[in-house]
Amino acid sequence: MSASNEPHPRPPLPAWAPASSLGLLAAAVAGLALSALCDLFSLFAGFRLRAVVDGDGGFGTAAQRELEAAATMYDTAGRYQVIVYVPVAVIFVVWFFLMRRNTGLLAPDQFRNGPGWAIGAWLIPLANLWMPYRVAVDMWGAATLPPAEGERYRARTWPVNLWWGLFVLSVLYSRYAGTQYKNAGTWPEIKDAVTQYMAADLAHIAAAAAAVYFAVRLTGMQRRKAAVGPFGPAAVKGTPDRS
(Lines give C-alpha, C1' and ligand atoms only; values in the text may rest on other atoms or scores of the structure.)
Protein backbone atom coordinates (compact mmCIF):
# COMPACT_ATOMS: atom_id res chain seq x y z
CA MET A 1 0.00 0.00 0.00
CA SER A 2 1.00 3.61 -0.50
CA ALA A 3 2.34 5.56 2.46
CA SER A 4 -0.04 8.44 1.69
CA ASN A 5 -3.46 8.82 3.30
CA GLU A 6 -5.19 8.39 -0.04
CA PRO A 7 -6.51 4.93 -0.91
CA HIS A 8 -5.55 5.35 -4.60
CA PRO A 9 -2.94 7.47 -6.37
CA ARG A 10 -4.23 10.49 -8.24
CA PRO A 11 -4.18 10.07 -12.01
CA PRO A 12 -2.18 12.78 -13.80
CA LEU A 13 -3.76 14.96 -16.45
CA PRO A 14 -2.68 14.40 -20.05
CA ALA A 15 0.32 16.54 -20.93
CA TRP A 16 -1.63 18.37 -23.63
CA ALA A 17 -4.61 19.33 -21.45
CA PRO A 18 -3.49 22.57 -19.74
CA ALA A 19 -5.16 25.43 -21.58
CA SER A 20 -6.89 26.89 -24.56
CA SER A 21 -5.16 29.38 -26.80
CA LEU A 22 -4.70 32.67 -24.99
CA GLY A 23 -4.12 34.30 -28.36
CA LEU A 24 -7.57 33.22 -29.52
CA LEU A 25 -9.08 34.49 -26.29
CA ALA A 26 -7.35 37.85 -26.83
CA ALA A 27 -8.71 37.97 -30.39
CA ALA A 28 -12.23 37.22 -29.14
CA VAL A 29 -12.00 39.91 -26.46
CA ALA A 30 -10.68 42.45 -28.97
CA GLY A 31 -13.44 41.51 -31.41
CA LEU A 32 -16.12 41.92 -28.77
CA ALA A 33 -14.69 45.33 -27.88
CA LEU A 34 -14.73 46.37 -31.54
CA SER A 35 -18.31 45.13 -31.86
CA ALA A 36 -19.28 47.25 -28.85
CA LEU A 37 -17.64 50.29 -30.48
CA CYS A 38 -19.73 49.71 -33.60
CA ASP A 39 -22.81 49.59 -31.39
CA LEU A 40 -21.78 52.90 -29.82
CA PHE A 41 -21.44 54.42 -33.30
CA SER A 42 -24.89 53.10 -34.13
CA LEU A 43 -26.24 54.74 -30.97
CA PHE A 44 -24.67 58.05 -31.99
CA ALA A 45 -26.13 57.79 -35.48
CA GLY A 46 -29.52 56.90 -33.97
CA PHE A 47 -29.46 59.92 -31.67
CA ARG A 48 -28.58 62.14 -34.64
CA LEU A 49 -31.39 60.74 -36.77
CA ARG A 50 -33.92 61.16 -33.98
CA ALA A 51 -32.80 64.74 -33.40
CA VAL A 52 -33.18 65.62 -37.07
CA VAL A 53 -36.64 64.04 -37.27
CA ASP A 54 -37.67 65.97 -34.15
CA GLY A 55 -36.34 69.20 -35.70
CA ASP A 56 -38.95 70.31 -38.18
CA GLY A 57 -40.54 67.16 -39.55
CA GLY A 58 -38.52 67.18 -42.77
CA PHE A 59 -40.15 70.26 -44.33
CA GLY A 60 -37.98 72.20 -46.71
CA THR A 61 -35.13 71.19 -48.99
CA ALA A 62 -32.35 71.71 -46.44
CA ALA A 63 -34.18 69.74 -43.77
CA GLN A 64 -34.88 66.92 -46.20
CA ARG A 65 -31.22 66.70 -47.13
CA GLU A 66 -30.26 66.62 -43.46
CA LEU A 67 -32.74 63.81 -42.86
CA GLU A 68 -31.34 61.83 -45.76
CA ALA A 69 -27.78 62.37 -44.55
CA ALA A 70 -28.70 61.24 -41.03
CA ALA A 71 -30.49 58.17 -42.39
CA THR A 72 -27.48 57.33 -44.57
CA MET A 73 -25.16 57.54 -41.56
CA TYR A 74 -27.49 55.27 -39.60
CA ASP A 75 -27.59 52.69 -42.38
CA THR A 76 -23.78 52.84 -42.63
CA ALA A 77 -23.50 52.18 -38.91
CA GLY A 78 -25.73 49.14 -39.36
CA ARG A 79 -23.48 47.82 -42.12
CA TYR A 80 -20.43 48.22 -39.90
CA GLN A 81 -22.18 46.23 -37.20
CA VAL A 82 -22.86 43.34 -39.61
CA ILE A 83 -19.34 43.41 -41.08
CA VAL A 84 -17.75 43.22 -37.63
CA TYR A 85 -20.25 40.80 -36.10
CA VAL A 86 -19.63 37.90 -38.49
CA PRO A 87 -15.86 37.41 -37.93
CA VAL A 88 -16.21 38.11 -34.22
CA ALA A 89 -18.88 35.42 -33.96
CA VAL A 90 -16.63 32.94 -35.79
CA ILE A 91 -13.66 33.68 -33.51
CA PHE A 92 -15.80 33.37 -30.39
CA VAL A 93 -17.32 30.06 -31.47
CA VAL A 94 -13.85 28.64 -32.25
CA TRP A 95 -12.66 29.73 -28.80
CA PHE A 96 -15.82 28.20 -27.33
CA PHE A 97 -15.06 24.88 -29.01
CA LEU A 98 -11.41 24.81 -27.87
CA MET A 99 -12.48 25.62 -24.32
CA ARG A 100 -15.02 22.79 -24.43
CA ARG A 101 -12.33 20.40 -25.62
CA ASN A 102 -9.91 21.46 -22.90
CA THR A 103 -12.39 21.46 -20.03
CA GLY A 104 -13.62 18.06 -21.21
CA LEU A 105 -10.21 16.66 -20.30
CA LEU A 106 -10.61 17.92 -16.74
CA ALA A 107 -14.04 16.44 -16.03
CA PRO A 108 -15.43 14.42 -18.95
CA ASP A 109 -18.24 13.00 -16.82
CA GLN A 110 -19.79 16.45 -16.33
CA PHE A 111 -20.74 16.97 -19.97
CA ARG A 112 -24.06 15.98 -21.48
CA ASN A 113 -22.88 16.17 -25.10
CA GLY A 114 -19.67 15.70 -27.07
CA PRO A 115 -17.22 18.51 -27.98
CA GLY A 116 -18.69 18.90 -31.46
CA TRP A 117 -21.84 20.36 -29.95
CA ALA A 118 -19.81 23.41 -28.90
CA ILE A 119 -20.02 24.37 -32.59
CA GLY A 120 -23.14 22.53 -33.74
CA ALA A 121 -25.29 24.01 -30.97
CA TRP A 122 -24.89 27.47 -32.49
CA LEU A 123 -26.07 26.34 -35.94
CA ILE A 124 -29.46 24.81 -35.12
CA PRO A 125 -32.30 27.34 -35.50
CA LEU A 126 -34.26 28.01 -32.29
CA ALA A 127 -32.23 25.40 -30.41
CA ASN A 128 -29.30 27.82 -30.57
CA LEU A 129 -31.17 29.96 -28.06
CA TRP A 130 -30.42 27.48 -25.26
CA MET A 131 -28.09 24.65 -26.37
CA PRO A 132 -24.85 26.73 -26.26
CA TYR A 133 -25.90 27.82 -22.77
CA ARG A 134 -26.01 24.18 -21.65
CA VAL A 135 -22.52 23.64 -23.02
CA ALA A 136 -21.31 26.77 -21.22
CA VAL A 137 -22.80 25.65 -17.90
CA ASP A 138 -21.13 22.25 -18.26
CA MET A 139 -17.79 23.92 -18.98
CA TRP A 140 -18.17 26.20 -15.99
CA GLY A 141 -18.82 23.26 -13.69
CA ALA A 142 -15.96 21.22 -15.16
CA ALA A 143 -13.51 24.11 -14.70
CA THR A 144 -14.54 24.77 -11.09
CA LEU A 145 -12.12 23.47 -8.48
CA PRO A 146 -13.63 20.75 -6.29
CA PRO A 147 -14.51 21.51 -2.65
CA ALA A 148 -12.54 20.32 0.33
CA GLU A 149 -13.34 16.92 1.78
CA GLY A 150 -16.69 16.97 3.52
CA GLU A 151 -17.67 20.34 2.08
CA ARG A 152 -20.74 20.68 -0.13
CA TYR A 153 -20.35 23.20 -2.87
CA ARG A 154 -22.04 24.00 -6.14
CA ALA A 155 -20.43 26.29 -8.68
CA ARG A 156 -22.16 29.66 -8.96
CA THR A 157 -23.05 30.11 -12.59
CA TRP A 158 -24.27 33.71 -12.50
CA PRO A 159 -21.62 34.91 -15.01
CA VAL A 160 -22.92 32.32 -17.50
CA ASN A 161 -26.54 33.22 -16.79
CA LEU A 162 -25.87 36.95 -17.10
CA TRP A 163 -24.02 36.62 -20.39
CA TRP A 164 -26.56 34.28 -21.96
CA GLY A 165 -29.59 36.24 -20.75
CA LEU A 166 -28.22 39.46 -22.24
CA PHE A 167 -27.19 37.70 -25.44
CA VAL A 168 -30.64 36.19 -26.05
CA LEU A 169 -32.32 39.48 -25.16
CA SER A 170 -30.16 41.39 -27.64
CA VAL A 171 -30.76 38.85 -30.42
CA LEU A 172 -34.54 38.76 -30.01
CA TYR A 173 -34.88 42.50 -29.56
CA SER A 174 -32.73 43.17 -32.62
CA ARG A 175 -35.01 40.98 -34.72
CA TYR A 176 -38.05 42.85 -33.46
CA ALA A 177 -36.43 46.23 -34.10
CA GLY A 178 -35.34 45.11 -37.56
CA THR A 179 -38.92 44.22 -38.46
CA GLN A 180 -40.14 47.59 -37.20
CA TYR A 181 -37.49 49.46 -39.18
CA LYS A 182 -38.16 47.50 -42.37
CA ASN A 183 -41.89 48.19 -42.19
CA ALA A 184 -41.53 51.89 -41.31
CA GLY A 185 -42.95 54.11 -44.04
CA THR A 186 -42.88 57.59 -42.51
CA TRP A 187 -40.24 59.55 -40.64
CA PRO A 188 -42.08 59.25 -37.29
CA GLU A 189 -42.31 55.49 -37.79
CA ILE A 190 -38.61 55.38 -38.66
CA LYS A 191 -37.87 57.36 -35.51
CA ASP A 192 -39.79 54.85 -33.38
CA ALA A 193 -38.01 51.92 -35.04
CA VAL A 194 -34.63 53.57 -34.47
CA THR A 195 -35.51 53.92 -30.79
CA GLN A 196 -36.09 50.16 -30.64
CA TYR A 197 -32.80 49.55 -32.40
CA MET A 198 -31.01 51.80 -29.93
CA ALA A 199 -32.36 49.74 -27.04
CA ALA A 200 -31.10 46.62 -28.82
CA ASP A 201 -27.67 48.26 -29.25
CA LEU A 202 -27.51 48.88 -25.51
CA ALA A 203 -28.33 45.22 -24.93
CA HIS A 204 -25.57 44.25 -27.42
CA ILE A 205 -23.02 46.33 -25.54
CA ALA A 206 -24.01 44.81 -22.20
CA ALA A 207 -23.92 41.30 -23.70
CA ALA A 208 -20.45 41.92 -25.15
CA ALA A 209 -19.14 43.05 -21.76
CA ALA A 210 -20.71 40.01 -20.07
CA ALA A 211 -19.21 37.73 -22.74
CA VAL A 212 -15.73 39.15 -22.09
CA TYR A 213 -16.10 38.58 -18.35
CA PHE A 214 -17.40 35.04 -18.89
CA ALA A 215 -14.60 34.14 -21.32
CA VAL A 216 -11.79 35.55 -19.18
CA ARG A 217 -13.14 33.99 -15.98
CA LEU A 218 -13.69 30.59 -17.56
CA THR A 219 -10.21 30.57 -19.11
CA GLY A 220 -8.65 31.46 -15.76
CA MET A 221 -10.62 28.75 -13.97
CA GLN A 222 -9.68 26.15 -16.59
CA ARG A 223 -5.99 27.00 -16.42
CA ARG A 224 -6.00 26.93 -12.62
CA LYS A 225 -7.66 23.55 -12.48
CA ALA A 226 -5.39 22.16 -15.20
CA ALA A 227 -2.37 23.29 -13.14
CA VAL A 228 -3.42 21.59 -9.90
CA GLY A 229 -5.28 18.64 -11.41
CA PRO A 230 -8.89 17.59 -10.84
CA PHE A 231 -7.94 16.34 -7.35
CA GLY A 232 -5.12 18.83 -6.72
CA PRO A 233 -3.99 20.76 -3.67
CA ALA A 234 -6.86 23.24 -3.89
CA ALA A 235 -9.32 20.45 -3.14
CA VAL A 236 -7.39 19.38 -0.06
CA LYS A 237 -6.96 22.91 1.24
CA GLY A 238 -10.59 23.79 0.58
CA THR A 239 -10.03 26.75 -1.70
CA PRO A 240 -12.59 26.35 -4.51
CA ASP A 241 -13.24 29.28 -6.78
CA ARG A 242 -16.35 30.80 -5.20
CA SER A 243 -16.40 34.22 -6.82
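Treat the numbers as computed from the prediction; the structure is a model and nothing was measured.
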Do the non-hydrogen side-chain atoms of [X] and [Y] ever get within less than 4.5 Å of each other?
| X | Y | result |
| --- | --- | --- |
| Trp95 | Val29 | no |
| Leu49 | Ile190 | yes |
| Thr103 | Phe111 | yes |
| Trp187 | Gln64 | yes |
| Leu24 | Ile91 | yes |
| Ile205 | Leu43 | yes |
| Arg100 | Ile119 | no |

Take a 6.0 Å sphere around CG of Leu126 and say whether it holds more than 12 heavy atoms from other residues, nucleotides or ligands. no
Using a cut-off of 6.0 Å, state whether more than 12 heavy atoms not belonging to Tyr173 lie near its atom OH. yes
[X] vs [Y] aromatic rings, parallel, tilted or perpendicular, using cut-offs 30° and 60°?
| X | Y | result |
| --- | --- | --- |
| Trp122 | Phe96 | perpendicular |
| Phe214 | Phe92 | tilted |
| Phe41 | Phe44 | parallel |

ILVMFWY cluster, [X] and [Y] together (side-chain gap under 4.5 Å):
| X | Y | value |
| --- | --- | --- |
| Leu202 | Leu169 | no |
| Tyr197 | Tyr80 | no |
| Trp140 | Met131 | no |
| Val168 | Val212 | yes |

Might you work through the side-chain contact (heavy atoms from CB on, under 4.5 Å) test for Thr157 and Trp164, ending with a clear yes or no? CA-CA 11 Å; Thr157 59; Trp164 194 252; over 6 Å; no
Checking Ser174 side chain against Ser170 main chain: does a donor-acceptor pair fall under 3.5 Å? yes
Taking the side chain from Lys225 and the backbone from Leu145, do they hold a donor-acceptor pair closer than 3.5 Å? no
How long is the span from the OG1 atom in Thr144 to the CE atom in Met221, to the nearest 0.5 Å? 3.5 Å
